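Small disclaimer: the values here were computed from a predicted structure and weren't measured. In listed order, ligands and their atoms are each counted from 1. For the single chain, residues carry numbers from 1 onward in sequence order. We use all heavy atoms of the structure for the numbers below, so side chains are in, but hydrogens, waters and symmetry mates are not.
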Amino acid sequence: MILSKSRSLIILTRFVSTESAKNASAESIAVDPKDSYYKKIGYGVSKENEGKPEGWDEAKPFEEIPGPKPIPILGNAWRFFPLVGDMHNIQIIDLHTKFREQYGDIAYFSGIHGKRPMVFCYNPDDIEKVLRNEGPWPIRYGMTAFVHYRKNVRKDVFQDVGGVLTSQGEEWFNIRSIVNKILMQPRTAEMYVGSMDTIARDLIDNIRHFSKASTDNLMPEDFQNELYKWALESIGVISYNKRFGALKRDLSKDSDEQKYISSVVEMFELFFKLEVLPSLWPYISTKTWRRAVELLDFLTDVNQRSIEECIRAADPNPNIPDHERSVLERLLKKDRKVAVAMTTDIVIAGVDTTGRTMAAALYFLAKNPDKQKRFREELKKHLPSKESAVTKEMLKDSPYLKAVIKETTRLAPIAPGNMRTTIKDLVLSGYRIPKGTDVVSANILLSHDEKYYVKPKEFIPERWLRTTQENYSYKNVHPFVTLPFGFGPRSCIGKRLANLELEVGLSKIIRNFELSWPHPDAKFGAKLLYGIEDPLRYKVVEAAD
Ligand code: HEM
């Protein structure tokens, strides 16, 4: 069924595609995943009942999974059209809420031209089953526009090597094995504590400046941008051993640093349009696609320059231990192509994500003065003065700090859910799911559901403390409900670094300042990444010494 649909798609693609070069080679991406991809992972080749999972025979057929019915020609794309569509301008979370209410624990969504059909999953047992059966090379299909850019548009730079974000199968595994050894070691994160502390001090200076400059001690309208600058500065040091200087107060709008941040943020928004919403980019060069290429070109060029600078500045002394070198230098020793693709991935993935999570953590603390006070009390034990430096020993002994971050990522995970392509047949919620199916989980919905958490909408870091015994304890919750960094061998490779940045940054801010939120509740939402959508006008005053 899927294969025959794909053939008609190939014909349609060839017929429609008239653009060339940067644009029309999008054709390959529209065709390849549907056809050779399914063959490669063996879709449709398994023999009847061979290795079938338990309950397969009794399970209902895949075709019976409920979901919105596509209409001829327009499929389900019309639902996103203005005036007629019931999902026009819909946010991802509202879409999932609607589906869950309408169809239950599982729903099937198909009929968007150029996009593969998906099964949406709202049951933690099903999520667990998918993730535990993902194999050693988990497939997280997507970011096809990014893949296409790397493989076709800028082949000159990436030379057919993607980073872990966009590659699959053995290629992904080979890169990830190299990068894991560098990014996932606790020692790697620890060696950056000092530089993260220095960068957080610059952020503190800026917050103090903004607070003094405002009669109400309010942060400026674009304070989110300040947090992005902090995130870029942090990830720049880790990746390239380089201070971008993004936190300089006189940073111009036209500076490479500011343009870099704006490009990353805009790029995620465009990817939502290209990847999630119906889009013609695989067939013709759309305005959104052209803009994405422009942004990606800029990001690629800045990264290229940073890489060259880092190589020139690297100390050739062979006696310098590995753990004192930047991630790029260490990667370069293993494989130059991987180094180029991966540092680009890291810097792109490291700005919006950590910046938004920091914004949410500060918001929840501002809204919950009792939690903020408890947190500050823990901090004062380790940081006797506002200037005291954060140390790795302190971080190991700060359970409330860790709990604040966990609770923040439960309530405001930047990724509302996760995705895997199944590599074997499974039974989910009583339906047969053939291997090769894209299954999307919506963990954010489950994380906000009182079926799983007591007072789910409230910010209660105590849930994550080992000492919390009663109903609130995380120990009572299904472990696949909340997965802010994903799961398994394909989980977030920046998890340790992101946590380190947040731990150091939050410690410094809350040790120095008292935050409050003198406004109505902030609005949260997601295009591709979830977070606060209102201006971050925290009120910030000096904390007592
Ligand atoms: C609070 C901040 C962050 C959150 C919540 C987050 C979350 C995630 C999630 C949910 C995934 C998908 C995992 C899966 O499929 O199981 C992911 C993947 C990834 N993240 Fe993060 N991330 C964060 C920060 C970062 C940072 C700072 C970096 C850069 C070092 C980074 C780099 C990546 C990369 C490269 C992948 C793809 C991994 C792969 O496919 O092998 N992330 N992240």
Subject >> ligand 1 contact by Thr409, heavy-atom criterion under 4.0 angstrom >> reply: no
**OP:** Verify, without hydrogens or angle tests, whether Gln91 (side chain) and Ala526 (backbone) share a donor-acceptor contact under 3.5 angstrom.
**Re:** yes
Original post:
Thinking salt bridges, do Glu308 and Arg305 make one under a 4.0 Å N-O criterion?
Top reply: no
Original post:
If you measure from each non-hydrogen atom of Thr357 to ligand 1, which part falls under 4.0 Å: side chain, backbone, both or neither?
Top reply: side chain
Original post:
Closest non-hydrogen protein atom to atom 28 (C) of ligand 1, residue and atom name please, with distance?
Top reply: Gly494 CA, 3.7 Å
Original post:
Tell me, which protein residue and heavy-atom name are nearest atom 26 (C) of ligand 1, and how many Å apart are they?
Top reply: Ala349 O, 3.7 Å
**OP:** Please report which non-hydrogen protein atom sits nearest to atom 4 (C) of ligand 1, along with the residue it belongs to and the distance in Å to one decimal place.
**Re:** Phe485 CE2, 3.3 Å
**OP:** Specify the protein heavy atom at minimum distance from atom 24 (C) of ligand 1: its residue, its atom name, and the distance to 0.1 Å.
**Re:** Thr353 OG1, 3.5 Å
Subject >> Taking atom 36 (C) of ligand 1 as the reference point, the nearest protein heavy atom with its distance >> reply: Leu165 CD2, 3.8 Å
**OP:** State whether Asp345 and Arg150 are salt-bridged, where the test is any N-O pair (Lys NZ or Arg NE/NH1/NH2 against Asp/Glu carboxylate O) under 4.0 Å.
**Re:** yes
Original post:
Can you tell me the protein heavy atom closest to atom 5 (C) of ligand 1 and the distance?
Top reply: Ile414 CG1, 3.4 Å
Original post:
Which is closest to atom 10 (C) of ligand 1 in terms of heavy atoms, Pro484, Pro416, Ser441?
Top reply: Pro484
**OP:** Flag yes if more than 12 heavy atoms outside Lys406 fall under 6.0 Å of its NZ atom; otherwise flag no.
**Re:** no
**OP:** Kindly say whether the aromatic ring centers of Tyr363 and Phe524 come within a distance under 6.0 Å.
**Re:** yes
**OP:** Write out the residue and atom name of the closest protein heavy atom to atom 34 (C) of ligand 1, then the distance separating them to 0.1 Å.
**Re:** Ile493 CG2, 3.7 Å
Original post:
Only one of Arg420, Glu128, Lys424 clears side-chain hydrogen bond (donor to acceptor under 3.5 Å, both in side chains) with Asn133; which?
Top reply: Lys424
Subject >> Pi-cation contact, Phe244 with Lys242 (under 6.0 Å, within 45°) >> reply: yes
Original post:
Any N/O of Phe487 closer than 3.5 Å to an N/O of ligand 1?
Top reply: yes
Original post:
Taking both backbone and side-chain atoms of Trp172, is any N or O found less than 3.5 Å from an N or O belonging to ligand 1?
Top reply: yes
**OP:** Please determine if Lys367 and Asp521 form a salt bridge, counting it only when a charged side-chain N lies under 4.0 Å from a carboxylate O.
**Re:** yes
Original post:
Relative to ligand 1, is Ile346 under 4.0 angstrom through side chain, backbone, both or neither, heavy atoms considered?
Top reply: both
Original post:
Do any N or O atoms from the side chain of Thr343 and from the backbone of Ser239 form a donor-acceptor pair under 3.5 angstrom?
Top reply: no
**OP:** Measure the distance from atom 13 (C) of ligand 1 to every protein heavy atom, then report the residue, atom name and distance (to 0.1 Å) of the closest one.
**Re:** Arg490 O, 3.5 Å
**OP:** Give yes or no for whether the N/O distance cutoff of 3.5 Å, strictly under, is met between Leu183 and ligand 1.
**Re:** no
Original post:
If you count the atoms of ligand 1 from 1 in the order shown, which ones are under 4.0 Å from a heavy atom of Gly486?
Top reply: 10 (C), 13 (C), 14 (C), 16 (O)
Original post:
Looking only at distance, does Asn418 have an N or O less than 3.5 Å from an N or O of ligand 1?
Top reply: yes
**OP:** Nearest heavy atom to atom 17 (C) of ligand 1 wins, so pick from Cys492, Gly350, Ser491.
**Re:** Cys492
Original post:
Salt bridge or not for Arg374 and Glu462, using N-O below 4.0 Å?
Top reply: yes
**OP:** Check each heavy atom of Arg176 against ligand 1 and say whether those closer than 4.0 Å belong to the side chain, the backbone, both or neither.
**Re:** side chain
Original post:
What part of Arg420, side chain, backbone, both or neither, has a heavy atom within less than 4.0 angstrom of ligand 1?
Top reply: side chain
Original post:
ligand 1 and Thr354, any nitrogen or oxygen pair closer than 3.5 angstrom?
Top reply: no
Original post:
Parallel, tilted or perpendicular: which describes the rings of Tyr474 and Trp464, with under 30° parallel and over 60° perpendicular?
Top reply: parallel
Original post:
What pair of heavy atoms forms the shortest contact from Trp517 to Ala522, and how long is it?
Top reply: CZ2-CB, 3.8 Å
**OP:** Would you confirm whether the ring centroid of His96 sits within less than 6.0 angstrom of the ring centroid of Phe120?
**Re:** yes
Subject >> Any N/O pair Arg140/ligand 1 closer than 3.5 Å >> reply: yes
